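Each chain gets a letter, A, B and so on, in the order the sequences are listed, and its residues count up from 1. No hydrogens, no waters, no symmetry mates; every other heavy atom, side chains included, goes into these values. Please read these numbers as outputs of a predicted model, since none were measured by experiment.
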Amino acid sequence: MAKKKKCIVWLRKDLRLQDHPGFRTAIEEGYQILPLYIWDEKDHRWADGAASQWWLHHALTDLEEQLETYGGKLHICHTKGDSAKILESLIKDYEVDVIFWGRRYEPEIIERDKQIKEGLKADGFEVKSFNTHLLFEPHTIENKSGSHYKVFTPYWKHCREFAIDPPSDPDWESCNFITVNKGSLSISELNLLPDIEWDKGFYDTWEPTRKGGEERLKLMKKGKAKLYQDKRDTPAEDGTSKLSPWLQWGQISAREIYHELAKPANELIHSGYLRQLFWREFSYHLLFHAPHSIDRPLRPEYEEFKWKPNTSYLKAWQHGNTGYPIIDAGMRQLWQTGWMHNRVRMVVSSFLVKHLLQDWREGASWFWDTLVDADLANNTMGWQWIAGSGADASPYFRIFNPITQGEKFDKTGDYVREFCPELADVPNKYLHKPWDMPELELAAAGVVLGKDYPSPIISHPDGRQKALDAFAEFQETRKK
DNA sequence: TAGCTCGTTGGACAA
DNA sequence: TTTGTCCAACGAGCT
């Protein structure tokens, strides 16, 4: 009898069994499969942050359980920057013929994967990679002049011209696995969970399993997506999809979401949300074509911008102690739940970069470490946009006003009261500017400013003016 | 090619 | 309280 062909399916940002072209191909072509996850602590400079690691732990646990129902076992390894070595030794140990993996698009990972691929091919092994993460791969889209898009709307219009492959599930009933007896670590041995218990709120907020994501998607399908356009800007309401962490880890694919919501009859009513999926695509497109933008301004002239580093400002912002309720509620939501509402992300980012004149990279790294949905392409694009150094960036005089943004988008004050409970009894009239409240009323609400809740670290008119001055000065130096 | 239009997410101020 | 207008300037993308 002919020897069974063997393959490794190396899982990366595609921790799912559904709509997985790697698994599907392996099963269709009759391979015996070794499903592999390598926890590489140093696979690039933006290796997963603490909140992401928390999610990863649970995603792997869930994936392991799903595989077990088909008689498979997830093989788990750990390294600090040498995934290639692990692959090589597994290939030898199990006489593997081919490796399948889903492509990643972080600049340093592209480079690393290329080297691994070349190395393996030189040794006579076959490597096949697939698109498991996106609707459109960044290099496949170009504008009429043969270059990449820099503005969202034309990019989006262009993409809409193309059909998107429907998701396609592997036939797991006919799957064969390679029998593995040794060498795999347990998930807990990866030490992905925090030593200090700061993750309690995460458990209250998330069910980080495939099933948890399917539930969210079901809610969108049942009506949430229809209401999305109206509710997306109200942080007190559960009006967004919150699917970002599942998407980021690939527990649910973009294709699955797209096809669930874009059925012809629904396309229009869901278009507000679907558009957001294309924003994710667009940020991968930008990152691919401007790899330097992960830690340098996309527009090089912004290298000259004079940020004013100030540790106490940065700390106050990180810990939600700026004295601006909408900012503090957002930063505390982030810390407690590993997630922040998108509207509030813009307000807090603008405040850090404009009012406080702190380098956008400080904000980007804080988000990176604390968000369960941290995604290099989205994070980079978002911060560059707010800092004004991005491709289609916000003009420098566009400075979010933390008071009016609060009053406009958290009218009821429910959001602020949830995350800044010390302000619970402050009436709506003053909730977004407690410093304007008369002493007596403050006392009645049980708040002493500077003691129970911080006084503002900078006054809004001051912060705004300083930002305008700094950016005007920057424009001047550019002209010279 | 030159010229035209437009750009996810806003704020301040005047009327 | 609401609404309209201006705030700069530029480069992408299209015709």
- Query: Ring of W279(A) versus six-membered ring of dT8(B): centres under 5.5 Å and planes under 30°?
  - Reply: yes
Check your understanding: Rounding to the closest angstrom, what is the interatomic distance between dA12(B) and dC10(C) at atom P?
Key -> 24 Å
Here the distance between atom P of dT8(B) and atom OH of Y155(A), to the nearest Å, is 14 Å
Using Watson-Crick geometry (N1-N3 plus N6-O4 or O6-N4) or G-U wobble (N1-O2, O6-N3), each under 3.5 Å, dA2(B) is paired with dT15(C)
Which of D48(A), D40(A), D43(A), D113(A) passes salt bridge (Lys or Arg N to Asp or Glu O under 4.0 Å) with R12(A)? It is D113(A)
From NZ of K354(A) across to P of dA12(B) the rounded distance in Å is 13 Å
To the nearest angstrom, the CD1-P distance between I141(A) and dG13(C) comes to 13 Å
Could you check whether R345(A) gets within reach of a base, just the sugar-phosphate, or nothing at all, counting any heavy atom under 4.0 Å? nothing
Here the distance between atom P of dG11(B) and atom CD1 of I386(A), to the nearest Å, is 11 Å
E407(A) CD to dG11(B) P, in whole Å, measures 11 Å
**Asked** Step by step, would you call F278(A) with C159(A) a side-chain contact (heavy atoms from CB on, under 4.5 Å)?
**Response** CA-CA 8 Å; F278(A) 283 89; C159(A) 287; 3.7 Å; yes
* Pair W55(A), Q251(A): side-chain N/O donor-acceptor within cut-off below 3.5 Å -> yes
Please state whether the phosphate of dC7(C), meaning OP1 or OP2, lies under 4.0 angstrom from any side-chain nitrogen or oxygen of R398(A). no
Given dG11(B), is OP1 or OP2 found less than 4.0 Å from the side-chain N or O atoms of Q405(A)?
yes
Of dG10(B), dG13(C), dT8(B), the nucleotide closest to the side chain of N143(A) is dG13(C)
Indicate whether the side chain of Y415(A) and that of Q333(A) have a donor and an acceptor atom separated by less than 3.5 Å.
yes
From the candidates dG10(B), dT15(C), dG13(C), the one with an atom nearest any side-chain atom of K144(A) is dT15(C)
For dT8(B), the nucleotide meeting Watson-Crick or G-U wobble distances (both under 3.5 Å) is none
Ranking dA12(C), dG7(B), dG10(B) by distance to the side chain of R343(A), first place goes to dG10(B)
By the Watson-Crick or G-U definition, both distances under 3.5 Å, dG4(C) is matched with dC13(B)
Atom NZ of K157(A) and atom P of dA12(C) are separated, to the nearest Å, by 17 Å
Between D410(A) and the options N428(A), I326(A), V344(A), the side chain to side chain contact (heavy atoms under 4.5 Å, CB included) test singles out I326(A)
Taken to the nearest whole Å, CG/L277(A) to P/dT8(B) is 18 Å
With a cut-off of less than 4.0 Å, is there a side-chain N or O of N401(A) near OP1 or OP2 of dA12(B)?
yes
Practice problem: For H148(A), report the nucleic acid contact type (base, sugar-phosphate, nothing); a contact means any heavy atom under 4.0 Å. | Solution: sugar-phosphate
Test ring pair (Phe, Tyr, Trp, His ring centres under 6.0 Å), reference W54(A), set W206(A), W198(A), Y203(A), W249(A), output is Y203(A)
Problem set entry | Separation of the P atoms in dT8(B) and dC14(C), to the nearest angstrom | 13 Å
Requested in this report: Report yes if at least one side-chain N or O of T404(A) is closer than 4.0 Å to OP1 or OP2 of dG10(B); otherwise report no.
Outcome: no
Separation of dG11(B) atom C1' from I326(A) atom CD1, nearest Å, is 17 Å
Among the nucleotides dT8(B), dC14(C), dT9(B), whichever has the atom closest to the side chain of F400(A) is dT9(B)
